[in-house]
Amino acid sequence: MVESAQPPSLDALTIGRGAPLEELVDRAALGELVASFYELFRVPLRIFNAEGRILADASHPEPLYVYLDSLRRARRVLAEEISAVKSVDPGVGGDAIYPSVTGSAYRIVSIAYDGRQLGRMIFGPFLPLAIRELPETLLALDPDLDVGEVRILLAKMPRARQETVGQIANHLLRTLDLILFSGHKALLTSKMHLASIRESYRELEVKSQRLQEAYDRLKELDRLKSNFLATVSHELRTPLTSIIGYGEMLSEGIAGELTTDQADFVATIREKGEQLLGLIKGLLDLSKLESGTMRVSRELVDMATVIADVQLTLAPTARKKGVTFEATVPAGRYFVWGDGERLRQVFLNLAENAIKFTPAAGTVTVSASDGTLDAGDGDDSGHVLFTGVRPAVEVRVTDTGIGIPESERLRVFDTFYQIDSSSTREQGGTGLGLSIVKKLVEGHAGRIWIEGNDPSGAVFAVLLPTQQGRAG
Ligand SMILES: Nc1ncnc2c1ncn2[C@@H]1O[C@H](COP(=O)(O)OP(=O)(O)OP(=O)(O)O)[C@@H](O)[C@H]1O
Ligand SMILES: [Mg+2]
């Protein structure tokens, strides 16, 4: 079953909720923005996300702080101070000042969007302009402090009025606001896009599931039809064989001598019975081919033997009709790996048709020549693993009969299809022959098609993959 995934609610789509600062702004762009503010105002600046992770840093080690860091006690105090600064919460949209023991200050400004705290900017340390003297807290910082050195270093600290820093912060916030707005928009768009893709994917899944179900039902129906066909044909064959058998016994006079009329009638019963038997056998073959239960043997078959056999079988029919039947397939040249009896059936059907649809004084020819099959030809059951082309034999059954119009050349292979002209109707038959032929050819990984003959008639061309001869 398809998982019935609910499309995301609009509520879940109204982001901001949950999206952290680093998802809304590009880290590199933020870094550049912060660096350019530092270039302009020379006030150290860092940006942290809501969890306190640093996202951008524009500050250089201040010489004063580097010096103090080299003193044991001062270092400890300053480390505590830094973590204290980092944990100052200015409140959503708020602003806080943290005085350093050195007399300089930090300014912590909230980065908020849509009433939500996304992170903080921390300015500093910078020296408010007001300070002139060394602060007491600085002097008391470490017993080893060198006051002269500290005085020089303090003078090098960046200086800025709190008011100015406030303005810088506002300016930066406004810029950030713009970036956050477009970040939100981009995120929302991409989430909507994702949601709509997910929704179409879900629809597609449902549809393909339905299609699969319909396909399975049709396959089952097809199987039932084939089964039905097989059963009915089989059940018809048994009594029919008896009818023909008893007909034979009657003709042989086992039940007493027959009058000429009686003998004629019995002969007709037998002839029609044989015809019906042929039809039933055809139906059985078809159902077996369709259900894939036809048993085929695999052996090396010489095409010349197959064609010679067909010629022998049909010679009387051809003679009776006044049609010349020629076969020019060289012996020992074309070997096909397949079922000799089924291949005989293929060419028997084709030659039978050729003779049937060729008027007296016409000619039917069966010839063979070298051919090739593309790897893509034939069955697609993975039978053909070879790439490129493979050697084949092209057997052509050519007649000089009524021919097949171009528009009918694909349809004649359909089950029960006959070209509906009076001449076809006269010839009898059921329209099963070619559909069986096509399935058998394809079962041998071959191809069959129809061409026209000049000036009239049809050509049935059959390509079958060949194997090396017996010697090879
Ligand atoms: N050599 C041919 N020349 C002209 N038409 C042909 C030829 N072979 C086949 N056809 C046409 O194709 C139709 C289908 O042929 P197919 O062999 O399937 O059936 P059939 O010969 O009518 O009956 P069956 O073979 O079942 O006894 C034929 O009825 C005929 O119209
Ligand atoms: Mg036929």
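In listed order, ligands and their atoms are each counted from 1. We count residues from 1, following the sequence as given.
- Contact atoms of ligand 1 toward Y417: 13 (C), 14 (C) (distance under 4.0 Å to a heavy atom of the residue).
- Here E341 pairs with R344 in a salt bridge; the nearest charged N to carboxylate O distance falls below 4.0 Å.
- N349 lies apart from the Mg ion (ligand 2) in this respect, since none of its N, O or S atoms is found at a distance under 2.8 Å.
- The shortest heavy-atom distance from K356 to ligand 1 is under 4.0 Å.
- Using the six-membered ring where Trp is involved, F413 and F460 have ring planes that are perpendicular, over 60° apart on the 30 and 60° scheme.
- Using a 4.5 Å heavy-atom cutoff, the side chains of L173 and M121 are in contact.
- Each of the following atoms of ligand 1 lies closer than 4.0 Å to a heavy atom of L434: 9 (C), 12 (O), 14 (C), 15 (O), 16 (P), 17 (O), 18 (O).
- Using a 4.0 angstrom heavy-atom cutoff, F460 counts as in contact with ligand 1.
- Close approach of ligand 1 to G431 (heavy-atom distance below 4.0 Å) involves ligand atoms 18 (O), 19 (O), 20 (P), 22 (O), 23 (O), 24 (P), 26 (O).
- Which parts of ligand 1 touch I419 is read off a 4.0 Å heavy-atom cut-off, strictly below it: atoms 11 (C), 31 (O).
- Residue contacts with ligand 1: G282 is excluded, as none of its non-hydrogen atoms falls under 4.0 Å.
- A cation-pi arrangement is present between R42 and Y38, with the terminal nitrogen or guanidinium carbon under 6.0 Å from the aromatic centre and inside a 45° cone about the axis.
- Counting heavy atoms only, V412 comes closest to atom 12 (O) of ligand 1 of the residues D414, V412, N353.
- Exactly one residue among D339, V301, L463 makes a side-chain contact (heavy atoms from CB on, under 4.5 Å) with H444. That residue is D339.
- For N349 and Q345, the side-chain atoms include no donor-acceptor pair closer than 3.5 Å.
- Using a 4.0 Å cutoff on heavy atoms, A354 counts as a contact of ligand 1.
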